[in-house]
Amino acid sequence: MSLYIYAITGSGHPLRLTGLRAVGGGSAPRAVTAGPLACVVSPAPPELRPKRRDLAAHQEVQERLMADGAVLPMRFGMLAPDDAAVTAALDGGCAEYVRRLEELRATTEFNLKAARSQDDLLREVLTESGEARRLNERTRDGGGSYADRVALGELVARQLDARQRLLAEQIVGRLSEMARDTVVASPAGDDFLNASFLVEQGRAEEFSRAAGQLAQGYGEGYDFRLRGPLPPYSFVA
């Protein structure tokens with residue numbers, strides 16, 4: 001039977017797995033050990049899909065492990081064929097896993113996403129850019145040439161992108177001062193920021209408070225969403 005993989009820990013981790021639900025609702029999670037490492041697994045369900053209860057079970061196991069020590073959390077859906085394959089993987093990557101566990105000891109992850117009202121951004125561009133304002137006036141009510149309309153669209157797109165990039169850099173720069181490491185991912189949808197911060201557990205409340213104050217400082221028209229503390233997904237290769 002194939003195995004569902006939750007996380008890698010040190011073999012000295014308390015591994016308090018009693019009472020935890022398994023992904024797929026099968027047998028409770030257990031540990032496969034190899035030297036200084038342990039991997040928490042359970043039987044993989046026949047059909048693995050990201051159902052809400054299974055995502056919750058995955059998260060609960062990792063949060064229990066993280067509460068007691070360093071973990072290398074796996075993202076939802078990681079599988080292995082059997083115990084032997086897990087043991088071989090732990091043996092093969094032993095030095096790297098042990099090093100990474102030490103680096104992540106007593107840390108947690110916060111993820112920050114942010115969006116800004118596109119209408120506000122557009123008004124800002126038209127207010128501050130003389131060229132954009134001139135082209136907008138020329139093309140208003142269907143006026144101007146096709147080239148004017150294309151030029152306006154391209155200019156606005158460049159301005160929006162540049163302003164959002166600058167905003168993201170400013171926000172990451174301020175919060176990175178409180179983090180041990182930072183990973184910036186590509187934002188999706190209307191977001192201009194998707195950044196993860198590796199924060200020492202002792203500074204988690206301080207970081208959360210600072211992020212909230214930063215968000216308030218930007219005022220209306222912005223949408224900040226902070227998640228955490230989380231297992232350090234973004235900092236596990």
Side-chain angles (χ1 to χ4, degrees), residues 6-10 12-17 19-20 37-38 40 52 55-76 96-117 120-121 124 162-237:
Y6 298 89
I8 296 172
T9 73
H13 191 286
L15 294 169
R16 294 185 302 117
L17 304 175
L20 289 172
L37 298 170
V40 177
R52 181 176 298 179
L55 291 169
H58 177 88
Q59 185 79 6
E60 287 166 7
V61 171
Q62 296 189 338
E63 287 177 351
R64 173 76 64 82
L65 293 169
M66 192 173 72
D68 292 333
V71 298
L72 303 181
M74 301 296 112
R75 294 191 180 275
F76 184 88
E96 176 64 17
Y97 293 145
V98 169
R99 181 188 68 82
R100 203 71 186 112
L101 280 167
E102 184 58 33
E103 291 175 349
L104 295 177
R105 189 176 305 280
T107 63
T108 189
E109 177 174 335
F110 284 88
N111 175 259
L112 180 63
K113 291 183 173 68
R116 187 182 179 191
S117 165
D120 285 355
L121 263 174
E124 184 178 286
R163 288 165 189 267
Q164 291 189 132
R165 285 178 181 273
L166 180 59
L167 275 170
E169 291 172 2
Q170 290 172 341
I171 293 166
V172 170
R174 291 175 64 180
L175 292 177
S176 291
E177 297 175 359
M178 303 177 62
R180 186 181 293 183
D181 198 1
T182 304
V183 171
V184 178
S186 297
D190 291 334
D191 290 342
F192 66 83
L193 174 65
N194 179 11
S196 294
F197 303 88
L198 186 67
V199 179
E200 294 176 5
Q201 289 177 351
R203 303 191 70 183
E205 289 187 13
E206 179 188 0
F207 182 89
S208 181
R209 187 164 54 250
Q213 292 171 347
L214 183 148
Q216 289 179 357
Y218 279 91
E220 296 182 3
Y222 289 84
D223 176 26
F224 287 85
R225 286 106 59 207
L226 181 69
R227 294 178 61 237
L230 300 168
Y233 296 112
S234 302
F235 302 91
V236 177

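All values reported here derive from a predicted model rather than from experimental measurement.
Side chain of R180 to backbone of L104: no donor-acceptor contact under 3.5 angstrom is found. Judged purely by atom type and a 3.5 angstrom limit, Q62 uses its side chain to pair as donor or acceptor with the backbone of M74.
From F192, atom CZ reaches atom NZ of K113 across 13.0 Å, with rounding to the nearest 0.5 Å. With rounding to the nearest 0.5 angstrom, the OG atom of S176 is 11.5 Å from the CD atom of E169. The CG atom of L20 lies 11.0 Å from the CG atom of L15; values are rounded to the nearest 0.5 Å. Note that the CG atom of L166 and the CD1 atom of I171 stand 9.5 Å from one another [nearest 0.5 Å].
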Extract all donor-acceptor atom pairs below 3.5 Å that involve side chains of residues 210-219 and protein atoms in other chains or at least two apart in sequence.
none

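In terms of the side-chain hydrogen bond (donor to acceptor under 3.5 Å, both in side chains) criterion, T108 has no residue partners (sequence neighbours excluded). Residues forming a ring-ring contact (aromatic ring centres under 6.0 Å, His included) with F207 (at least two apart in sequence, or on another chain): F110, F197. By the ring-ring contact (aromatic ring centres under 6.0 Å, His included) test, F76 is found to be paired with Y4, H58, residues two or more places apart in sequence or in another chain being considered.
Between L65 and H13 the shortest heavy-atom distance is O-NE2, 2.8 Å. Across all their heavy atoms, P232 and L198 have their closest contact at CB-CD1, 3.9 Å.
Taking 4.5 Å as the limit, some side-chain heavy atom of Y233 sits within range of a side-chain heavy atom of P73. Residues L37 and L101 meet the side-chain proximity criterion, which asks for heavy atoms closer than 4.5 Å.
Between R99 and E96, at least one side-chain N (NZ, or NE/NH1/NH2) sits under 4.0 Å from a carboxylate O, which counts as a salt bridge. Remark: E206 engages R203 in a salt bridge, criterion side-chain N to carboxylate O under 4.0 Å.
Note on residues 63-73: pairs passing salt bridge (Lys or Arg N to Asp or Glu O under 4.0 Å), not counting sequence neighbours, are R16-D68. Pairs passing the side chain to side chain donor-acceptor pair (under 3.5 Å) check and including a residue from residues 188-199, sequence neighbours excluded, read E109-S196, N111-N194, N111-S196, D191-R225, S196-S234.
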Check the pair L193 / L112 against side chain to side chain contact (heavy atoms under 4.5 Å, CB included), numbers first and verdict last. CA-CA 7 Å; L193 174 65; L112 180 63; 3.9 Å; yes
